[in-house]
Amino acid sequence: MTTPLRKLDHSFFRRPAIDLARDLLGKILVHCVRGREYRARIVETEAYVGEHDLACHASKGRTRRTEVMFGPGGHAYVYFIYGMYDMLNVVASGEGDAQAVLIRAAEPLDNWEADLSGPGKLTRALRIKRSDNGRDLTGDKLFILDDPGYQARIVSSKRVGVDYAREWKDELLRFFDAKSKAVSKPRF
DNA sequence: GCGTCGATGGCA
DNA sequence: GCCATCGACGCG
């Protein structure tokens with residue numbers, strides 16, 4: 001008999017994105033949809049640290065798209081890009097401070113065969129869509145479990161695909177678990 | 001193995 | 001006209 005894993009609550013999310021990005025490694029993302037429960041261990045994240053971060057969508061100001069990032073932490077920011085992909089982010093910090101963590105890769109659990117090594121692949125396999133934008137991550141449909149028994153080996157690198165972000169493009173704000181093989185392609 | 005490129009749509 | 005992407009294709 002094992003004790004059930006505890007669901008992360010709002011206090012966990014209301015911190016700077018850089019801390020949240022590191023602490024989300026090793027946690028378990030859960031999505032319940034159409035009678036199924038998809039569970040995956042988070043192994044790669046990126047921090048987008050606020051309006052001054054030129055790689056962060058919030059640097060464009062408060063718009064219909066970026067609105068949920070300006071809201072309280074612990075909600076999903078899901079946006080559409082490249083005409084094909086939905087990206088899952090976890091809103092960090094508090095109301096008015098627009099920070100978020102992009103979930104880039106995970107390892108499937110429960111003998112579920114899936115390739116979750118990339119932000120687009122992950123949302124597709126977990127059936128996470130734009131319609132999940134704004135969802136409270138402490139609810140019953142989309143949430144994250146703590147797993148105190150798992151210790152990630154945390155390594156940092158530059159964020160992927162943000163070469164336009166001037167002095168922010170080389171910041172070491174991508175984090176991954178060096179123990180995982182599911183990290184998305186470029187490791188450094 | 002690596003570089004290039006097209007798909008496809010919302011946003012500024 | 002950009003993109004916080006992916007996969008297919010051409011190389012050799």
Consider only side-chain N and O atoms of A/D177 and A/Y150, and report whether a donor and an acceptor are under 3.5 Å apart. yes

Ignoring the backbone of A/R130, work out which of C/dA4, C/dC6, B/dG10 is nearest its side chain. B/dG10

May I ask you to say whether A/R124 pairs ionically with A/D115, meaning some side-chain N is under 4.0 Å from a carboxylate O? no

Determine whether any donor atom in the side chain of A/Y85 lies under 3.5 Å from an acceptor atom in the base of C/dA4, or the reverse, and answer yes or no. no

Would you mind telling me which of C/dA4, C/dT5, C/dG7 lies closest to the side-chain atoms of A/M87? C/dT5

d(CG, A/D163; C1', C/dT5) in whole Å: 14 Å

Should A/Y48 and A/H57 be marked as a ring-ring contact (aromatic ring centres under 6.0 Å, His included) after you check the CA-CA gap, both sets of side-chain angles, and the distance that decides it? CA-CA 8 Å; A/Y48 290 83; A/H57 291 167; 7.3 Å; no

In this structure, how many angstroms lie between the C1' atom of C/dC3 and the CZ atom of A/R159, rounded? 15 Å

With a non-hydrogen cut-off below 4.0 angstrom, is A/G83 in contact with a base, only sugar-phosphate, or nothing? base

Classify the ring geometry of A/Y38 against A/H31: parallel below 30°, tilted from 30° to 60°, perpendicular beyond 60°. tilted

Who pairs with C/dA4 - Watson-Crick or G-U, where each distance is under 3.5 Å: none

C1' gap between B/dG10 and C/dG7, integer Å: 22 Å

Atom-pair distance (OH on A/Y82; C1' on C/dA4), nearest Å: 6 Å

Roughly how many Å is it from CG in A/L102 to P in C/dT5, rounded to a whole number? 8 Å

Do NZ/NE/NH1/NH2 and the carboxylate oxygens of A/D86 and A/R130 come within less than 4.0 Å? yes

Distance, rounded to the nearest Å, where A/M84 contributes CE and C/dA8 contributes P: 11 Å

In whole Å, what is the span from the CD1 atom of A/I128 to the C1' atom of C/dT5? 16 Å

From CD1 of A/I81 across to C1' of B/dA7 the rounded distance in Å is 14 Å

With no hydrogens and no angle check, is any side-chain donor or acceptor of A/S184 less than 3.5 Å from a backbone partner on A/G118? no

Whether A/E46 and A/R104 form a salt bridge (side-chain N of Lys/Arg under 4.0 Å from carboxylate O of Asp/Glu) is what I want to check. yes

Looking only at side-chain atoms of A/F80, point me to the closest of B/dG9, C/dA4, B/dT8. B/dG9

OP1, OP2 of C/dG7 versus side-chain N and O of A/K121: anything below 4.0 Å? yes

How long is the line joining CG of A/L116 and P of C/dC6, in whole Å? 11 Å

Please confirm whether the shortest side-chain N or O distance from A/Y77 to OP1 or OP2 of C/dA4 is below 4.0 Å. no

DNA chain B contacts among residues 48-68 of chain A, heavy-atom distance under 4.0 Å: A/T63, A/R64, A/R65

